[in-house]
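Single-structure report; data block below.
Excluded from the calculations below are hydrogen atoms, water molecules and symmetry mates; all remaining heavy atoms, backbone and side chain alike, are included. Residue numbers start from 1 in every chain, and the chains themselves are labelled A, B, ... in the order their sequence lines are given, proteins ahead of strands.
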Amino acid sequence: MSRYNAKVVEPKWQEAWDSAEVFKAIRDEAREKYYVLEMFPYPSGRIHMGHVRNYTMGDVVARYKSAQGFNVLHPMGWDAFGMPAENAAMQNNVHPGDWTYQNIADMRGQLKPMGLSIDWSREFATCDSEYYGQQQAMFIDMMGKDLVYRKNAMVNWDPVDMTVLANEQVEGGRGWRSGALVERKELTQWFFKISEFSEELLTALDGLSEWPEKVRTMQKNWIGKSQGLQFNFKTIGAPEGFEELEVYTTRPDTLFGASFAAISCDHPLAKALEANPDIAAFNQECRKLGATEEALETAEKKGYDTGLKVVHPFEAGWELPVYIANFVLMGYGTGAIFGCPAHDQRDLDFARKYDLVVTPVVCDEAQNPDTFSIGNEAYLGAGHIINSRFLDGLSIEGAKSEVNKRIAAMGLGEAKTNYRLRDWGVSRQRYWGCPIPVVHCDTCGVVPEKKENLPIELPKDVTFDRPGNPLDRHNIWRNCDCPSCGKPAQRETDTMDTFVDSSWYYARFTNAQAATPTVSADVDYWMNVDQYIGGVEHAILHLLYSRFFARAMNLTGHLPKAATEPFNALFTQGMVCHETYKDPDGNWLTPYEVKPVAGGYETDIGQPVEVGPSIKMSKSKKNVVDPDDIIDQYGADTARWFVMSDSPPERDVEWTASGADAAWKHLQRVWRLADEIAQSVDAGEIDAKAALALQKATHRAIEIVTDGIEGFAFNKSVAGLYQFTNTLAKSKADKATKIEAMKVMAQMMQPMTPHLAEEIWATMGGTGLVAQAAWPQVDPAMLVDDTVTLPIQVNGKRRDEIEVSADISKEELEKIVMANETVQRILDGNAPKKLIIVPGRIVNVVV
RNA sequence: GCCCGAGUGGCGGAAUGGUAGACGCGGUAGAUUCAAAAUCUACUGUCGAGAGACGUGCCGGUUCGAGUCCGGCCUCGGGUACCA
């Protein structure tokens with residue numbers, strides 16, 4: 001018996017595919033295309049199980065679609081800019097570029113042996129100047145279409161390192177390196193006008209029928225459309241220029257329940273009041289809260305009474321105090337609100353703390369309006385208006401429109417639709433990113449670079465011995481000629497958010513070497529991505545930015561109108577999780593640095609290990625496991641088979657080492673079976689019944705495996721293949737029938753275990769490569785069974801089962817059921833109340 | 001805090017509102033072997049001798065019938081705009 005040796009077999013077939021250029025995607029208008037794309041990886045240096053799972057899923061789809069006759073595009077690239085490269089530069093004194101390209105080489109070296117059906121000729125990294133130069137060209141085009149602007153925005157500022165920090169680099173309000181308390185600081189930064197597309201991005205979600213509902217819901221909530229009222233309060237005692245305070249509210253119906261007004265610490269009025277040292281100090285304290293929404297929302301609600309008042313618009317003598325409050329966001333609405341504590345939990349918490357009036361103005365229909373009062377929980381439900389003069393008795397909706405009408409008539413404001421979605425700040429004060437291609441000229445102001453000067457390449461000679469952006473202190477690079485007047489000028493030193501890089505890479509893959517961002521013949525043919533696959537963690541930012549960018553590319557002539565929604569179908573796979581470990585000093589440990597002991601883990605030097613929850617594998621938490629061991633030990637097919645088994649693709653998986661061995665055993669078994677069949681000799685009479693049974697099982701397997709792949713339930717396809725293997729192993733059918741069955745097995749296994757499938761295909765005498773064979777077709781006649789097993793329930797509980805012919809009549813079935821011993825015993829002479837028959841499924845006797 | 005998910009045997013998981021636990025791991029017993037590995041066969045949710053009872057995170061509801069639908073919770077995970 002010949003043995004299956006993955007180490008020999010896998011490279012052999014990979015070479016065969018390469019030399020036949022099986023996976024090279026060639027534009028061919030005569031053929032229908034299919035574009036499969038997995039979210040490209042960040043080149044951290046090692047592939048992990050998440051990558052293996054993600055790229056195997058994409059590969060299964062790509063190979064399956066190819067077998068169905070589509071002209072498949074399945075490319076790969078690298079999301080190569082970003083912070084880790086700069087961190088490595090600081091820690092290990094390596095250049096971010098060298099570090100990144102070395103990582104790419106390492107990871108490519110790990111990916112290629114997996115036998116993925118990728119067209120590697122289209123590979124690029126976003127840090128290639130050929131790529132980011134085209135991105136700069138599009139930035140300039142977007143400036144031309146007025147999609148880009150500058151404004152002030154907040155960043156995390158480390159006052160010791162004198163540098164901008166990412167949110168991730170702020171831990172408990174302190175800078176991760178310096179330990180200094182982080183402040184919010186205003187900087188002039190570049191923005192894309194994504195908010196101009198709020199409505200469009202929202203309504204277009206309805207057309208994304210092949211996206212998961214949860215992703216569309218998350219994006220909808222993120223865009224956050226709200227109908228409200230924007231109006232002015234008259235102020236009393238405010239500095240000059242602040243005679244009015246403009247607020248935005250989604251609850252104008254609760255205006256008579258107002259008990260205070262509140263402004264953000266970044267509101268112009270709050271800043272104007274900073275002459276008062278107490279207010280300056282309070283504002284400063286608020287700014288130390290950090291810049292994230294989470295930090296602001298979970299912080300204890302605090303306010304400072306400015307002493308100013310605003311006048312209620314419907315009652316001249318009614319004055320409300322004006323607070324500066326740490327929970328009011330400058331970035332949403334007008335940065336000022338009125339608080340109605342009875343019907344907003346945050347406002348209520350605030351009012352209880354500062355002892356403000358709480359007047360209910362919406363009454364629960366189930367309550368008595370005279371006694372309805374608010375405890376420590378705001379009332380958010382439906383009801384009618386009370387305590388509100390001319391609004392009393394109205395519904396919430398009725399009151400809203402009445403208030404809007406009166407405010408508009410008084411000339412104080414108007415109804416307004418607001419969106420939570422903010423413009424996309426793309427400025428990063430960092431080196432390892434795409435330089436923003438503009439020049440600052442004393443004469444001409446801010447001007448775009450000339451396209452013929454692109455790419456504006458990053459200078460190589462930089463150092464990371466000091467914090468901050470090396471571009472800022474690289475005077476040779478910074479100094480340039482103004483593209484407009486030719487006089488000496490200075491380059492912009494901000495680079496772009498890496499989300500920009502990943503917002504159009506899918507389009508670049510359609511012609512990765514072009515001298516323009518895209519080529520219309522190629523985007524026209526290959527776009528859209530038919531199946532996009534990636535993690536749910538990208539449900540909002542990456543996917544929303546990509547949807548915006550595709551629209552911007554359409555407006556600047558780089559994508560056709562048909563590609564403004566670039567991803568036809570989206571599948572979000574679950575994450576690969578692992579426990580986290582910390583040593584007694586609180587440093588993260590990798591799973592390789594801990595060893596199991598009774599009751600837990602300890603370090604190499606015997607220190608106790610604190611075990612944390614199982615969470616998304618990430619470099620920063622060090623809970624990453626290498627798939628290399630499995631690939632080395634068992635081969636790529638085993639690794640691929642293993643990650644497709646068991647867990648449904650959309651679910652998170654917890655990495656465990658057991659099970660890989662089982663996958664390997666199964667593949668060995670299939671090979672052994674194929675080998676036995678090839679060497680077998682028919683003896684005696686041919687068993688026609690067994691042959692038919694095997695043929696039927698084959699077609700049932702085709703149905704299960706096909707449905708599994710179509711439905712992104714690869715684990716069910718795998719289970720079906722296990723079952724089919726068991727059937728085939730036990731079959732008494734003749735050799736020819738078994739060979740046919742085994743050939744179908746090879747075709748069905750090909751997307752998941754392509755190397756073994758080729759080997760079996762060749763052994764069974766298949767023509768050509770199984771990678772190029774057509775997908776097997778189900779013969780519906782082979783799926784029909786003569787008899788069917790029906791469970792019999794009594795009162796919904798299963799009591800017995802009967803075997804009946806598949807086309808039995810209802811009357812006949814009733815007779816059989818009533819004659820059934822178990823039913824008779826339970827009925828005990830009584831007549832049944834009801835008999836429910838679901839044809840082919842179940843019988844339920846109701847007593 | 002807010003938004004979005006998930007929760008089923010010892011474990012990974014299966015189940016158009018219709019036999020809960022397919023398939024795999026692990027376990028037990030047996031065959032084979034000088035012995036072992038490998039392989040093959042059978043059994044394997046819990047309780048119970050059995051009939052049967054109980055079982056899908058918790059509480060309640062709809063239904064002839066609920067893991068599945070509805071309401072209210074709990075726990076865990078993802079996102080929260082400078083991690084990618």
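- Heavy atoms of A:Arg216 sit nowhere under 4.0 angstrom from any nucleic acid atom.
- Side chains of A:Arg669 and A:Asn726 form a contact here, defined as non-hydrogen atoms less than 4.5 Å apart.
- Distance check on atom P: B:rU68 versus B:rG18 gives 11 Å, rounded to whole Å.
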- [ ] Kindly determine whether A:Arg428 and A:Asp497 satisfy salt bridge (charged side-chain N to carboxylate O under 4.0 Å, His left out), including the steps that lead there.
- [x] CA-CA 6 Å; A:Arg428 296 292 181 272; A:Asp497 178 7; 3.2 Å; yes
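- Residue A:Arg428 has no polar side-chain atom (N or O) positioned under 4.0 Å from OP1 or OP2 of B:rA84.
- Side-chain atoms of A:Glu293 and base atoms of B:rG1 include a donor and an acceptor less than 3.5 Å apart.
- Comparing A:Thr217 and A:Asn167, the nucleotide of RNA chain B nearest to each residue sits closer to the 5' end for A:Thr217.
- Using a 4.0 Å heavy-atom cutoff across all strands shown, A:Arg669 reaches sugar-phosphate atoms only and no base atom.
- With rounding to whole Å, A:His48 atom NE2 is found 14 Å from B:rA84 atom P.
- Taken to the nearest 0.5 Å, the CH2 atom of A:Trp211 stands 5.0 Å off from the CD atom of A:Gln219.
- In this pair, A:Trp641 and A:His666 present their aromatic rings parallel. The plane angle is below 30°, not in the 30 to 60° band.
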Check: residues 838-847 of chain A side-chain donor-acceptor pairs under 3.5 Å, at least two apart:
| unit_1 | atom_1 | unit_2 | atom_2 | d |
| --- | --- | --- | --- | --- |
| A:Asn844 | OD1 | A:Asn795 | N | 3.4 |
| A:Asn844 | OD1 | A:Gly796 | N | 3.1 |

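- Residue A:Val845 is out of contact with every strand shown, counting any heavy-atom pair closer than 4.0 Å.
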Task: Trace of the salt bridge (charged side-chain N to carboxylate O under 4.0 Å, His left out) decision for A:Arg177 with A:Asp158 - done: CA-CA 9 Å; A:Arg177 302 183 81 88; A:Asp158 185 322; over 6 Å; no
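- Atom CG in A:Leu296 sits about 14 Å away from atom P in B:rC82, given to the nearest Å.
- Here the P atom of nucleotide B:rA81 and the CE atom of A:Met218 are 15 Å apart, to the nearest Å.
- Aromatic ring pairs are classed by plane angle as parallel below 30°, tilted from 30° to 60° and perpendicular above 60°; the pair A:His542 and A:His538 is perpendicular.
- Nucleotides B:rU56 and B:rA22 are separated by 15 Å at their C1' atoms, to the nearest Å.
- The aromatic rings of A:Trp424 and A:Phe549 lie perpendicular to each other, with more than 60° between the two planes, well past the 30° mark.
- As judged by a 4.0 angstrom heavy-atom cut-off over every strand, A:Gln189 is placed among the base-contacting residues.
- Contact annotation for A:Lys730: backbone-only contact, meaning every heavy-atom pair under 4.0 Å involves sugar-phosphate atoms and none involves a base.
- If you measure from atom CZ of A:Phe191 to atom C1' of B:rA81, you get 10 Å, rounded to the nearest angstrom.
- For the pair A:Lys797 NZ and B:rG55 P, the interatomic distance rounds to 8 Å; values are reported in whole Å.
- Across all strands, A:Trp222 comes closer than 4.0 Å to base atoms (heavy-atom distances).
- Comparing A:Tyr722 and A:Glu297, the nucleotide of RNA chain B nearest to each residue sits closer to the 5' end for A:Glu297.
- A heavy-atom distance below 4.0 Å to RNA chain B is reached by these residues of residues 497-505 of chain A, ordered by number: A:Thr498, A:Phe499.
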TODO: Could you encode protein contacts along nucleotides 14-22 of chain B as a string, one character per nucleotide from 5' to 3', using B for base contact, S for sugar-phosphate-only contact and - for no contact, with a heavy-atom cut-off of under 4.0 Å?
DONE: SSB-BB--B
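- With both ends at atom C1', the span from B:rG17 to B:rC11 equals 29 Å, rounded to whole Å.
- Between A:Tyr722 and A:Phe724, the distance from one ring center to the other does not fall under 6.0 angstrom.
- Atoms NZ (A:Lys214) and C1' (B:rG5) sit 6 Å apart, rounded to a whole Å.
- The interatomic distance linking A:Leu348 (CG) with B:rG1 (P) rounds to 16 Å, in whole Å.
- Once rounded to the nearest 0.5 Å, the distance linking CG of A:Leu296 with CE of A:Met330 reads 13.5 Å.
- Using a 4.0 Å heavy-atom distance criterion, A:Val718 is classed as making no nucleic acid contact.
- Going from the P atom of B:rG26 to that of B:rC34 covers 26 Å, rounded to whole Å.
- Side-chain polar atoms of A:Glu803 and A:Thr787 form a donor-acceptor pair below 3.5 angstrom.
- Between B:rC54 and B:rU8, the two C1' atoms lie 15 Å apart (nearest whole Å).
- Residue contacts shown for A:His538 include a base, since a base heavy atom lies under 4.0 Å away.
- Under 3.5 Å, the side chains of A:Trp664 and A:Gln633 contain no donor-acceptor pair of N or O atoms.
- Between the side chain of A:Gln429 and the base of B:rC82, at least one donor-acceptor pair of N or O atoms lies under 3.5 Å.
- Secondary-structure annotation of RNA chain B gives the stems B:1-7 with B:74-80, B:10-12 with B:23-25, B:26-31 with B:39-44, B:45-47 with B:52-54, B:57-61 with B:69-73, with a stem taken as at least 3 successive Watson-Crick or G-U pairs whose two distances both fall under 3.5 Å.
- Heavy atoms of A:Ala662 sit under 4.0 angstrom from primed sugar atoms or phosphate atoms, though from no base atom.
- In this structure, A:Phe327 and A:Phe350 have perpendicular ring planes: the angle between them is above 60°, well past the 30° mark.
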Atom pairs under 3.5 Å: protein N/O with N/O of nucleotides 43-50 of chain B:
none

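- Here B:rC3 presents its C1' atom at 14 Å from CG of A:Leu421, a figure rounded to the nearest Å.
- Although no hydrogens or angles enter the test, the distance criterion places no donor-acceptor pair under 3.5 Å between the side chain of A:Ser647 and the main chain of A:Val643.
- Classified by interplanar angle (parallel below 30°, tilted 30° to 60°, perpendicular above 60°), the ring pair A:Tyr505/A:Tyr532 is tilted.
- A:Phe81 and A:Trp432 have perpendicular rings, their planes meeting at more than 60° on a 0 to 90° scale where under 30° would count as parallel.
- With B:rC64, B:rG78, B:rA81 as the candidates, the nucleotide lying closest to the side chain of A:Lys834 is B:rC64.
- Rounded to a whole angstrom, the distance from the C1' atom of B:rC64 to that of B:rG12 is 35 Å.
- For the side-chain contact (heavy atoms from CB on, under 4.5 Å) test, residues two or more places apart in sequence or in another chain that qualify with A:Met218 are A:Lys214, A:Ala539, A:Ile540.
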